[in-house]
Enquirer: 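Have a look at this one.
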Amino acid sequence: MSAFIPSFNHQQVEKKWQNFWYNSQAFQAKDFDTLPKYYNLVEFPYPSGAGMHVGHIRAYSSLEVISRKRRMEGYNVLFPIGFDAFGLPTENYAIKNKIHPRIVTDNNIKVFTEQLKATGFSFDFNRVVDTTDPDYYKWTQWIFLKMYEKGLVYKSTTFVNFCPDCKVVLSNEESQGGQCDRCGADVVQLEKDVWFLKITDYAGKLLTGLNDFESTSRIRTEQENWIGHSEGAYISFKLSAHQDYIKVFTTRPDTIYGATFMVIAPEHPLLETYKTEILNHEEIHDYQEQSKRKTEFERIQLNKDKTGVRIQGIEAINPLTNQAIPIFISDYVVITYGTGAIMAVPGHDERDYEFAKKYQLNIIEVIQGGDISQAAFTDTETGILVNSGIINGLSVKDAKKTIIQYLVENKIGSSSVQYKMKDWAFNRQRYWGEPIPIIYCDDCGVVPVPYEELPVTLPMVEHFEPTDTGESPLAKIESFTKCTCPKCGKPARRETDTMPQWAGSSWYYLRYMDPSNPLEFASKDKLKYWGQVDWYNGGMEHVTRHLIYSRFWNQFLNDQGLVPHSEPYKKRTAQGLILGEDGEKMSKSRGNIVNPMEIITEYGADTLRVFILFIGDYEMATPWNDAGLKGARRFLDKLWRLQEKVTDNNHYSDSLESIIHKTIKGVSEDIEQMKFNTAISKLMIAVNEATSSEIITKKDLETLTVLTYPFAPHIASEIFESLGHQESLVTTPWPTYDEALLVDKQVTIVINVNGKIRDKMIVNLNTSQADLEKKALSLEKIQVHIQGQTIKKIIVVPNKLVNIVV
RNA sequence: GCGGGUAUGGCGAAAUUGGCAGACGCGCUAGACUUAGGAUCUAGUUCCUAGUGAGUGCAGGUUCAAGUCCUGUUACCCGCACCA
């Protein structure tokens, strides 16, 4: 049978199926359905004016394939999408073009939605959330107030990371490496009045929670490093002339007998307390001013050369040696970690050693094993304590225990755990963000907005530029700021700062479960039904930002009994970057950006999807290659042309049966392991095989089509329909394979002589070892190689090889 | 400095438990069909000095057999970084 099949018209076919899917709600997730649920989550996009990027397609395609497959496997799949739409790019664009950010956002969301649909993603578009919608950010504010109620929100005037270009305060997570996350400008330290979320209260839980969270080691270790857990002790050093103490944190209490001086941070409060007694107060003050001006970048760059000033007039007492020791200030000790003060043990800490050398301070060996005249000895495994009174002769491990016990008994210290992670600076002096729901009253002070008055909506204003005074643009809008105190009813003012970009994304995965609930952020029943996100895929760049933040919010909500699980995500994976054709990161300035919409027009969405998943290992960065698109398109064209010679038969053809079963197994397994490149390669092999086969049955083509569907759903749906199916592929069962048919009846045996391949032979499966040996030795090519030599040994691996050692 | 990762043809990349290195795709070469080909099809394509040759960043080792295991080493990428 041969029929005339017109060539594959991607534009027509893709439009047809997109209309069908989206009009028929084919991907609607059903609350409380009896089918088992499966929740796939991808990081919702920031709807920028540039529209979709090929990176978005790579990021979503993995769980797109998994979602399509899961529906066929009988799951009730929740695969939602939404928009993380507050933030600076929109705001800056709006200012530049004098268009209100609301309008800019709405337009961008509209364009983005069209592009997502043009790619054929199987998102449930009924559940779209938009973080800038008052119905959404009402609940962002609500959760903020819950945290306030539970003491996890505080305001403090401290030095914070500030981006001079964006004119906003940045959290620690947003200023990694001393640079602004968004614009790359050097961050400066400014003293500001800032709202903080006490994420550090959850540091321990965020760390242990990683045990219930399946992810790759790089995802896990990045979070571990960021949280930065370390165990040690607090020790109080008495001042020689006062009943007052300097408290230090150390991970090496065992080295206390070697503590010959102390260092405190330039911001340490002691300097203010004993101002009058410090003889060189001016010198100290100069140093404080100097370090204040340093950016993070400068501190890192200049870290080779330690600076500091000795405080004249005050000394401390080492509680174990009872010796008076000098106190220095130096910016190698930071106020934000530990207690902002250290006991310096130059013999066994490289930084202290360097400092001691520079200022010619006493260096005492308290752990044997190194040569402290050359360098600090920091090995904790082999050393034995010396010159150390009550802990002499002990190992480092035992000495730590003993000394902590002593410190506790004498009330001069205790064991302690510290984290590197810092509290989350949670406000921006910009317009396009969630207003912080706080009111200032002259009589009552800081008063939270009552829950029933939420949301505090952003006023529609004409001017939304940031001010030069560092105040939010909202501060100038009287209709917004003027309010009455909820407590006493007197006139009061609203907080005019807004929340940072990461606020809305910290709980969006919960809203998807119940996206339009006006009474709760999500109903208990729905939270329970959908449970945890089964699989979350996103970018590596969010691992120490959004991923930490959202786990924090979820753990908090769980502690309040508001969500059923402590960890929001069961499993997290991350896609690699798509680089430009030049191997560099895609960027406007390099001019190497690939526009996915142009490719969809020219080659079709199916081709683009297949190519992006075929391009390389999903988790690794890989360069774009325009030419490679053709290969993906050729594969789809070949599949399409199989229709020309299909015979009406509901069994696999003899010649293809085995390879089809192998393909089902291979593709199924590869998809689960995110090895999409090899899954597609296996499909290509099967399609090539079918192309060169005399006969191909309806059943052959059907199975190949179904297997291709998660990758290229439009063309697959069209072929499936033309094979006579009324029902769509969306819930067609995923094919199964027969183990017995995976094994070939004949196998190729490789024959080695001394480990080198000399010949091959085809034999029946499970030929006996003796037969294999006999056959191998009789081969002509083998005879040539063993002639005149004695055979020492013959190794036979059944169904694999024969190795003759001579 | 610490932590994680990578290294394989002209290019993107494959390779259960150690068992045919380079699957699949791009590109390239030759041919077929064609008014035409940047369409399609067929054949070939790791390298060279063409052998009883060499070959998975480099140097060793274990083994009948190593991309895979062990020891050492180099380069690049990512994250953190004076964190006491």
Enquirer: Respond yes when some side-chain nitrogen or oxygen of Arg634(A) is under 4.0 Å from OP1 or OP2 of rG25(B), and no when none is.
Expert: no

Enquirer: Scan Thr336(A) against the nucleic acid and name what it touches under 4.0 Å (heavy atoms): base, sugar-phosphate only, or nothing.
Expert: nothing

Enquirer: Give the stems involving RNA chain B, where a stem is 3 or more consecutive Watson-Crick or G-U wobble pairs (i with j, i+1 with j-1, and so on) under 3.5 Å.
Expert: B:1-7 with B:74-80, B:10-12 with B:24-26, B:27-32 with B:40-45, B:57-61 with B:69-73

Enquirer: Produce the list of close N/O pairs, under 3.5 Å, pairing protein atoms with atoms of nucleotides 32-38 of chain B; give distances to one decimal.
Expert:
none

Enquirer: Within less than 4.0 Å of OP1 or OP2 of rC64(B), is there a side-chain N or O belonging to Asn754(A)?
Expert: no

Enquirer: Check this for me, if you would: do Arg545(A) and Glu541(A) make a salt bridge, where the nitrogen-to-carboxylate-oxygen distance has to be below 4.0 angstrom?
Expert: no

Enquirer: May I ask you to verify if any side-chain N or O of Asn688(A) is less than 4.0 angstrom from the OP1 or OP2 atom of rG25(B)?
Expert: yes

Enquirer: Looking at Arg572(A) and Glu43(A), is any side-chain nitrogen of the basic one under 4.0 Å from a carboxylate oxygen of the acidic one?
Expert: yes

Enquirer: Send over the distance from Arg220(A) CZ to rG3(B) C1', rounded to a whole Å.
Expert: 14 Å

Enquirer: With a 4.0 Å cut-off on heavy atoms, is Ile757(A) in touch with a base, just the backbone sugar-phosphate, or nothing at all?
Expert: sugar-phosphate

Enquirer: Please tell me if Thr678(A) has a side-chain N or O lying less than 4.0 Å from either OP1 or OP2 of rA15(B).
Expert: no

Enquirer: Would you tell me if any nitrogen or oxygen in the side chain of Lys793(A) comes within less than 4.0 Å of OP1 or OP2 on rC64(B)?
Expert: yes

Enquirer: Base, sugar-phosphate, or nothing for Ala621(A), non-hydrogen atoms under 4.0 angstrom?
Expert: sugar-phosphate

Enquirer: Under a 4.0 Å N-O cut-off, is there an ion pair linking Asp637(A) with Arg633(A)?
Expert: yes

Enquirer: Please state whether the phosphate of rG79(B), meaning OP1 or OP2, lies under 4.0 angstrom from any side-chain nitrogen or oxygen of Thr221(A).
Expert: no

Enquirer: What's Val797(A) touching, base or sugar-phosphate or nothing? Going by heavy atoms closer than 4.0 Å.
Expert: base

Enquirer: Should the pair Glu224(A)-Arg220(A) be classified as a salt bridge under the 4.0 Å nitrogen-to-oxygen rule?
Expert: yes

Enquirer: Which class fits the ring pair His542(A) and His546(A): parallel under 30°, tilted 30 to 60°, perpendicular over 60°?
Expert: perpendicular

Enquirer: Are any of Arg218(A)'s side-chain N or O atoms less than 4.0 Å away from OP1 or OP2 of rU6(B)?
Expert: no

Enquirer: Can you measure Leu613(A) atom CG to rA13(B) atom P for me and round it to whole angstrom units?
Expert: 15 Å

Enquirer: What I want to find out is whether Asp582(A) reaches Arg590(A) closely enough, with some N-O distance under 4.0 Å, to be called a salt bridge.
Expert: no

Enquirer: Answer with base, sugar-phosphate or nothing: what part of the nucleic acid does Ile615(A) contact at a heavy-atom distance below 4.0 Å?
Expert: sugar-phosphate

Enquirer: Which is true for Lys585(A) with a 4.0 Å heavy-atom rule: it touches a base, it touches only sugar-phosphate, or it touches nothing?
Expert: nothing

Enquirer: Scan Asp352(A) against the nucleic acid and name what it touches under 4.0 Å (heavy atoms): base, sugar-phosphate only, or nothing.
Expert: nothing

Enquirer: Calculate the interatomic distance between Phe676(A) atom CZ and rA13(B) atom P; express it in whole Å.
Expert: 17 Å

Enquirer: OP1 or OP2 of rC41(B) versus the side-chain N and O atoms of Arg641(A): is any pair under 4.0 Å?
Expert: yes

Enquirer: At under 4.0 Å, does any side-chain N or O of Lys756(A) touch on OP1 or OP2 of rA54(B)?
Expert: yes

